[in-house]
Amino acid sequence: MAACLQLSPKLFKPLFQPFPSSSNKSLKPTAIRCSAATSSSKRRYTITLLPGDGIGPEVISIAKNVLELAGSFEGIEFKFHEMLLGGAALDVTGVPLPDETISTAKQSDAVLLGAIGGYQWDHNDKHLKPETGLLQLREALKVFANLRPATVFPQLVDASTLKREVAEGVDIMVVRELTGGIYFGTPRGFGTNENGEEVGFNTEVYASYEIDRIARVAFETARKRNGKLCSVDKANVLEASMLWRKIVTAIASEYPDVELSHMYVDNAAMQLVRYPKQFDTILTNNIFGDIISDEASMITGSIGMLPSASIGKSGPGLFEPIHGSAPDIAGQDKANPFATVLSAAMLLRYGLGEENSAKRIETAVLDTLNRGFRTGDIHSSGTKLVGCKQLGDEILKSVDSQVPAAV
């Protein structure tokens, strides 16, 4: 695995006008690190591919080809290791995350995931569900910051279910805490109450260090965007949110250039539908971020367009589209590969520090959209309806046709 390089969590606004590449200057301890350095002219990276379930293998195949081609223009060589995760792993090994997958992922420079889950595993015990494998992988890689952009592409503004004047120009980055809160808190489980009735219980708990580190990522993110950060919590009811708000407010004094606001999660959900352009960067805990980021994604018109990055302080990051495995269309050449391709661009930028190759992929996505190619989920009158494979070919054509990016 290549040497580690410190990178600030530089978030771009809009999505396809990224800022300059990071330098090797020493940063604060809270800075996100990537797992690969780019000092030599010939760079070689090891990428773990996790196709997963449903449409995952289809979209990962396309993203792999796009990565290879875009990287080749910058003298980058990739070595790919395809491993099992989720339902695919359950069927072969009996567990959703085999030890071999964990070991390979940890030794790679970045991890690219397709999708997991499917109807056939829905009734499995919790420890044998595909989703458990994903949670275990995030924990194993120690990724705690989930970056989810929700950008309304000009070419797709009419695909949004919101009115054009509401959706046009929306560009939001959700920074979600990924490894704490109610999904991981203890105690948890099942029991009986004083009436002998069965109960299920979970614990929403956050330590101060968990809030501190994700808040700093969010402030750095907002600083690189429009300088506005909205922290979403439920501090009028939950003690964990009260601590969250206290720590976030205290950290704000270190970022005088960032305008901090607070909003209760129920109001934030409403405001995202009413007037989403009021938001720039949103900071949330784990469960609220899970919900808010999916709501924000649908403003864009299709969940099939949006990537994500999950990054920690060291080691490989995990990059994945935010859509699910869509088992109802799996194997039918109907999947939208854009989100996975854009996740590959985030992998290049945040995982490897390869800004030029990331820009090349993002430009190719815009060019493909401008040329009118669409899968069924984003198709409209006047555009060309194509399948997943053909759309992948068109993206490759756009990558190949670009003038090499300037160093």
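These numbers come from a predicted model, not from an experiment. Every heavy atom of this structure was used, including side-chain atoms; hydrogens, water molecules and symmetry mates were not. Index from 1, following the sequence.
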For this session: Would you mind checking if Lys234 and Glu204 are paired as a salt bridge, meaning a charged N to carboxylate O distance below 4.0 Å?
Result: no
Donor-acceptor side-chain pairing of Glu355 and Ser357 below 3.5 angstrom: no
For Glu68, the salt bridge (charged side-chain N to carboxylate O under 4.0 Å, His left out) test, sequence neighbours excluded, returns none
The side-chain contact (heavy atoms from CB on, under 4.5 Å) partner of Glu320 among Leu113, Thr340, Leu112 is Leu113
ring-ring contact (aromatic ring centres under 6.0 Å, His included) pairs touching residues 97-132, sequence neighbours excluded, are none
Does Asn286 form a side chain to side chain contact (heavy atoms under 4.5 Å, CB included) with Arg176? I'd like the steps, not just the answer. CA-CA 6 Å; Asn286 204 342; Arg176 169 191 172 192; 2.8 Å; yes
Could you go through the side chain to side chain contact (heavy atoms under 4.5 Å, CB included) check for Phe373 and Gln390 one step at a time? CA-CA 9 Å; Phe373 293 99; Gln390 184 177 342; 4.1 Å; yes
Sequence neighbours excluded, the answer for side chain to side chain donor-acceptor pair (under 3.5 Å) partners of Asp290 is Tyr183
With sequence neighbours left out, the residues meeting side chain to side chain donor-acceptor pair (under 3.5 Å) with Gln278 are Gln271
- Message: Salt bridge or not between Lys397 and Asp393? Use side-chain N to carboxylate O under 4.0 Å.
- Response: no
Over 60° means perpendicular and under 30° means parallel, so classify the ring planes of Trp244 and Tyr206, tilted if in between.
-> perpendicular
field: Check: Ser398/Thr368 side-chain N/O donor and acceptor closer than 3.5 Å
entry: yes
With sequence neighbours left out, the residues meeting side-chain contact (heavy atoms from CB on, under 4.5 Å) with Gln136 are Pro96, Leu97, Thr132
Main-chain N/O of Gly289 paired to Thr284 side chain as donor or acceptor, under 3.5 Å: yes
| request: Taking atom types as modelled, find out whether Thr249 and His262 have a side-chain donor-acceptor pair closer than 3.5 angstrom. | output: yes
Contacts of Tyr264 meeting ring pair (Phe, Tyr, Trp, His ring centres under 6.0 Å) (sequence neighbours excluded), chain-then-number -> none
